[in-house]
**Q** 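Submitted below is the structure of interest, expressed as structure tokens.
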Amino acid sequence: SKNTGSVTAALWESKPIRGLIVKLVGDRELAEQLFTFSPLTLFYAWLSLTFVPVLVMLTSSTRIAEEIWLGSVRFTAFRVSRLQWVIGKFLGQAAQTLGALLLSAIAAWLMGWFRIQAFDGAATAAGMLYFAFKAWIYALAFLGLALGISQVCSSPNMASALGMFSLIVVVIVTGLAEHLAGDGWRRGWDLVAVLTPGGHRLDLWWPDAAHGFQASVFLCVLGIAYLIAGFTRFRKRDL
């Protein structure tokens, strides 16, 4: 086709392609609701939800450890409490992550605007901002984990390595829990999934408020729990 994007639009309306996506999603009702978004929006959502945990670990796992290693935290400790300082780091990294997601949404939207002939700019922008915010909520749980680890490490290199290792462990545990969950005693694996950020990832794909609110609450609680777990060690450390 001479018009960029027309083949994708035609495939998006194809019954075989829709049937394949339903099988991939595993829930027909969810898949039908996702079909209301453009392919570009869903690709951006998948990209954000998949790689934002990696972004958080790379940018945040060393944030506290490097200041402990350099000794600069000692100058701050005279003016604010350790808890206030840690919360400030969390809020600063959260703002940085949100900015990165918004910039990536703008870049993806501009690519669609320049390259796709039949481009619904308003609907695509709204969808991308919607999923950017959800990806940010998802990132908060991993941010708590990254800064929790950073508080117990004295070396930035160790914090970075331990952060990536913990991310791999969390992904593996979530996958095992979802695979092994079932009836009877196997329901215990559902609890394991709930205690990991990945256990709430599917709820973020649902466009309705009920699933999104439930996932957001759990993810925020997990992020705070991970952060406080690290702080219990950090508050007793000799700086």
Side-chain angles (χ1 to χ4, degrees), residues 24-27 30 34 42 45-65 86-87 89-91 93-94 96-98 100-101 131-153 158-234:
L24 291 174
V25 172
D27 189 307
L30 173 58
L34 291 177
L42 292 183
W46 171 81
L47 202 66
S48 300
L49 290 170
T50 300
F51 292 104
V52 74
V54 180
L55 172 67
V56 168
M57 286 300 172
L58 290 175
T59 59
S60 302
S61 59
T62 62
R63 190 59 58 222
I64 293 176
V86 169
I87 292 175
K89 288 292 183 182
F90 181 87
L91 296 177
Q93 292 302 117
Q96 175 180 288
T97 304
L98 178 60
L101 286 168
F131 281 110
F133 180 74
K134 286 196 170 188
W136 181 65
I137 295 294
Y138 186 53
L140 293 181
F142 291 96
L143 179 58
L145 178 61
L147 293 181
I149 291 172
S150 191
Q151 293 177 77
V152 302
C153 295
M158 180 181 292
S160 180
L162 191 57
M164 293 305 298
F165 176 74
S166 65
L167 175 60
I168 295 172
V169 170
V170 167
V171 171
I172 292 175
V173 170
T174 303
L176 284 174
E178 293 178 346
H179 178 72
L180 298 175
D183 297 328
W185 66 270
R186 298 176 67 180
R187 290 182 179 178
W189 286 105
D190 290 327
L191 177 61
V192 174
V194 168
L195 296 177
T196 63
H200 308 279
R201 187 169 181 264
L202 183 61
D203 287 336
L204 293 175
W205 283 100
W206 285 87
D208 63 284
H211 285 85
F213 178 76
Q214 175 180 298
S216 299
V217 170
F218 272 105
L219 289 168
C220 289
V221 170
L222 285 176
I224 294 172
Y226 296 148
L227 185 70
I228 296 301
F231 181 74
T232 57
R233 169 72 177 87
F234 177 69

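Since this is a predicted model, take the numbers as computed values, not measurements.
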**Q** State the CG-CZ distance between Leu42 and Phe131, to the nearest 0.5 angstrom.
**A** 6.0 Å
**Q** Enumerate the residue pairs fulfilling side-chain hydrogen bond (donor to acceptor under 3.5 Å, both in side chains) with a member in residues 132-151, sequence neighbours excluded, ordered by first and then second residue.
**A** Tyr130-Lys134
**Q** Grab the two heavy atoms, one from Ala159 and one from Ile149, that are nearest each other, plus how far apart they are.
**A** O-CG2, 4.1 Å
**Q** Distance check, rounded to the nearest 0.5 Å: Leu55 atom CG versus Thr50 atom OG1?
**A** 13.0 Å
**Q** Holding to side chain to side chain contact (heavy atoms under 4.5 Å, CB included), I want the full list of residues that pass it with Phe213, two or more places apart in sequence or in another chain.
**A** Val217
**Q** Rounded to the nearest 0.5 Å, what's the gap from CG on Leu227 to OG1 on Thr232? Could you check?
**A** 10.0 Å
**Q** Assess, by modelled atom type and distance only, whether the side chains of Thr196 and Arg201 contain a donor and an acceptor separated by less than 3.5 Å.
**A** no
**Q** Please list all pairs meeting side-chain hydrogen bond (donor to acceptor under 3.5 Å, both in side chains) that have one or both residues in residues 51-65, counting only residues at least two apart or in different chains.
**A** Ser60-Gln93, Arg63-Glu66, Arg63-Gln93
**Q** Say whether, by atom type as modelled, one donor and one acceptor occur between the side chain of Ser48 and the main chain of Ala45 under 3.5 angstrom.
**A** no
**Q** Kindly give the heavy-atom pair with the smallest separation between Leu101 and Ala132, and that separation in Å.
**A** CD1-O, 3.6 Å
**Q** Does any non-hydrogen side-chain atom of Leu167 lie less than 4.5 Å from one of Phe142?
**A** yes
**Q** Going by side chain to side chain contact (heavy atoms under 4.5 Å, CB included), name the residues that satisfy it together with Tyr226, two or more places apart in sequence or in a different chain.
**A** Leu145, Pro197, Leu222
**Q** Do other residues, nucleotides or ligands put more than 12 heavy atoms under 6.0 Å from Met164 CE?
**A** yes
**Q** What closest approach, in Å, do Glu178 and Gly198 show between heavy atoms, and which atom pair accounts for it?
**A** OE2-O, 3.7 Å
**Q** Where do Gly163 and Met57 come nearest, in terms of heavy atoms and distance?
**A** O-SD, 3.5 Å
**Q** Do you know the tightest heavy-atom contact between Trp205 and Trp46?
**A** CH2-N, 3.5 Å
**Q** Ring-plane angle category for His211 and Trp206, please: parallel below 30°, perpendicular beyond 60°, tilted otherwise.
**A** parallel
**Q** Go through the structure and list residues passing ring-ring contact (aromatic ring centres under 6.0 Å, His included) with Phe218, not counting sequence neighbours.
**A** His200
**Q** Give the minimum heavy-atom separation between Leu49 and Ala135, together with the two atoms involved.
**A** CD2-CA, 3.7 Å
**Q** Quick one: are Ile137 and Leu219 in side-chain contact, heavy atoms under 4.5 Å?
**A** yes
**Q** With sequence neighbours left out, what residues match Val169 under side chain to side chain contact (heavy atoms under 4.5 Å, CB included)?
**A** Phe165, Val173
**Q** Hey, are the side chains of Thr97 and Val52 touching, using non-hydrogen atoms and a 4.5 Å cut-off?
**A** yes
**Q** Which distance, rounded to the nearest 0.5 Å, do you find between the CG of Leu147 and the CZ of Phe234?
**A** 11.0 Å
